[in-house]
Amino acid sequence: MKKLINKKENIVKEMIDGMTKAFPNSIESVKDLPIIVRKEKKSGKVALISGGGSGHEPAHAGFVGYGMLDAAVAGEIFTSPSADKVYEAIKAVDSGAGVLLIIKNYSGDVMNFEMAAEMAEMEGIKVGKVIVDDDIAVENSTYTVGRRGIAGTIFVHKILGAAAEAGYSLEKLEELGKVVVENIKTMGMSLKSCMVFTTEKNSFDLAEDEVEIGLGIHGEPGTHREKFVDANTHVDHLLEKILKESKVENEKVAVLVNGLGETTLIELFIVNNRVTDILKEKNIIIEKTLVGNYMTSLDMGGFSITILKLNDEIEKLLNAKSDTVALKTF
């Protein structure tokens, strides 16, 4: 395994240290914990926290900043952060208006974030939650009861982050979060597995001429494997499934074409080219498009497509200003 790391047990710490040293004016870590927070805490605003196992960068620490998250908690690679670390993050960012946890629907994440919320509420901190389950590929998986939370989580960070900056209450953010999640549908595929730094093993085995359809961001099995054909054929298959679930007709949407780590921007723009053409043929109006690596799986080859159905409120918040390491909107 040739990876630019030192000791395996220091991977997450050194990553966080390197990140905060690169952006010292906007983010910092908390008490030598794997927690990144906004450098300037905004009082009177509901604070947003997300997180999960490392290996999905820039998610989630890359989205800490104005208009998105107030903190991100990093676990070890593909491992949920412990409840006590999430609890420390809650205490670090609470400014009196409450804290909203944005949780991807993985059993470990849900359990630990909910446990942290209970600990904080015992100290008088009001905590709400939004659970993201945008992956339409499979209902249950290795790590999940129900559908998994994957790249569509970025839209949740962006929209709820803008709403929090605009002064939404904790209760109103939870209500909006449910609406947003209901209107996000994602499905992805892999061209090759990733090398997990800590085990020095591939997350799964895939033949050179095969692709895995509908896999999870930790390498969980998808719906099936099939022979690799070409970009348009695979995009057509994924988008057909997404649009069937979305029930979008003559409506406005936002699109996210997300790379899983290894896939080049050339490939992602080719994917987006097909996605855009298909949506236009169906009279679906694209109001915003994001293309790039937003929620990865180490060095996995592949991509996902996310469609978010918009209303006026969600569209306005999606286009509101954000200033983070990985996403800036002006």
Side-chain angles (χ1 to χ4, degrees), residues 4 10-75 81 85-104 113 116 125 130 132 151 153-168 170 173 177 256 258-259 261 288 290-296 316-330:
L4 294 173
N10 293 338
I11 290 173
V12 175
K13 181 183 185 305
E14 291 180 0
M15 173 189 69
I16 289 174
D17 287 349
M19 188 174 182
T20 55
K21 288 171 183 175
F23 304 97
N25 296 325
S26 56
I27 56 174
E28 61 187 2
S29 60
V30 176
K31 302 176 185 175
D32 294 321
L33 292 170
I35 302 167
I36 284 182
V37 297
R38 286 171 63 166
K39 192 73 175 282
E40 295 184 6
K41 184 175 177 180
K42 184 174 180 180
S43 62
K45 180 185 84 70
V46 176
L48 271 59
I49 299 176
S50 192
S54 297
H56 305 303
E57 289 69 32
H60 300 277
F63 304 111
V64 172
Y66 181 91
M68 293 189 77
L69 301 176
D70 294 273
V73 192
K85 291 183 175 63
V86 179
Y87 169 62
E88 290 295 334
I90 292 171
K91 291 194 296 180
V93 298
D94 175 52
S95 64
V99 176
L100 182 71
L101 304 179
I102 300 174
I103 311 166
K104 299 191 306 303
F113 275 73
I125 301 173
V130 172
V132 185
T153 309
I154 307 308
F155 281 143
V156 181
H157 292 167
K158 178 67 188 70
I159 294 160
L160 297 189
E165 293 287 355
Y168 282 46
L170 181 59
L173 285 170
L256 168 61
N258 175 65
K288 191 175 189 68
L290 297 176
V291 179
N293 289 314
Y294 290 90
M295 184 172 289
T296 64
K316 181 180 178 181
L317 293 167
L318 185 61
N319 288 317
K321 178 183 175 182
S322 63
D323 189 2
T324 71
V325 171
L327 183 59
K328 298 181 188 292
T329 306
F330 298 101

Between the CD1 atom in Ile49 and the CG atom in Leu69, the distance rounded to the nearest 0.5 Å is 9.0 Å
Counting only heavy atoms not in Lys41 (residues, nucleotides, ligands), do more than 12 fall under 6.0 Å from its NZ? yes
Correct closest heavy-atom pair for Ala151 and Leu256 would be O-CD2, 3.5 Å
The side chain to side chain donor-acceptor pair (under 3.5 Å) partners of Tyr66 (sequence neighbours excluded) come to none
Rounding to 0.5 Å, atoms CD1 (Ile36) and CZ (Phe63) come to a distance of 12.5 Å
Taking every heavy atom of His60 against every heavy atom of Gly52, the minimum-distance pair comes out as CD2-N, 3.8 Å
| query | Lys328 side chain to Lys321 main-chain N or O, any donor-acceptor pair under 3.5 Å? | reply | no
Heavy-atom closest pair (Ala59 atom, Ile154 atom, distance to 0.1 Å) is CB-CD1, 4.4 Å
When every non-hydrogen atom of Leu160 is compared with those of Leu100, the smallest separation belongs to CD1-CD2, 3.8 Å
Expected output: side-chain Thr329 to main-chain Ser322 donor-acceptor under 3.5 Å: no
When rounded to the nearest 0.5 Å, the distance separating OG of Ser95 from NZ of Lys45 is 7.5 Å
Interatomic distance, CG@Asp94 vs CD1@Ile125, rounded to 0.5 Å, equals 4.5 Å
Do NZ/NE/NH1/NH2 and the carboxylate oxygens of Lys85 and Glu88 come within less than 4.0 Å? no
Residue pairs meeting side chain to side chain donor-acceptor pair (under 3.5 Å), one or both in residues 15-24, sequence neighbours left out, come to Lys13-Asp17
In short, ring-ring contact (aromatic ring centres under 6.0 Å, His included) pairs touching residues 13-32 with sequence neighbours left out are none
Only residue of Leu327, Thr324, Ile102 satisfying side chain to side chain contact (heavy atoms under 4.5 Å, CB included) with His157 is Ile102
Tightest non-hydrogen contact, residues Met68 and Lys158, listed as CE-N, 3.7 Å
In this structure, CG of Asp70 is separated from CD of Glu165 (nearest 0.5 Å) by 7.0 Å
d(Ile103 CD1, Phe113 CZ) to nearest 0.5 Å is 6.5 Å
query: Are Met295 and Lys104 close enough that some pair of their side-chain heavy atoms sits under 4.5 Å apart?
result: yes
Taking every heavy atom of Pro81 against every heavy atom of Val73, the minimum-distance pair comes out as CB-CG1, 3.6 Å
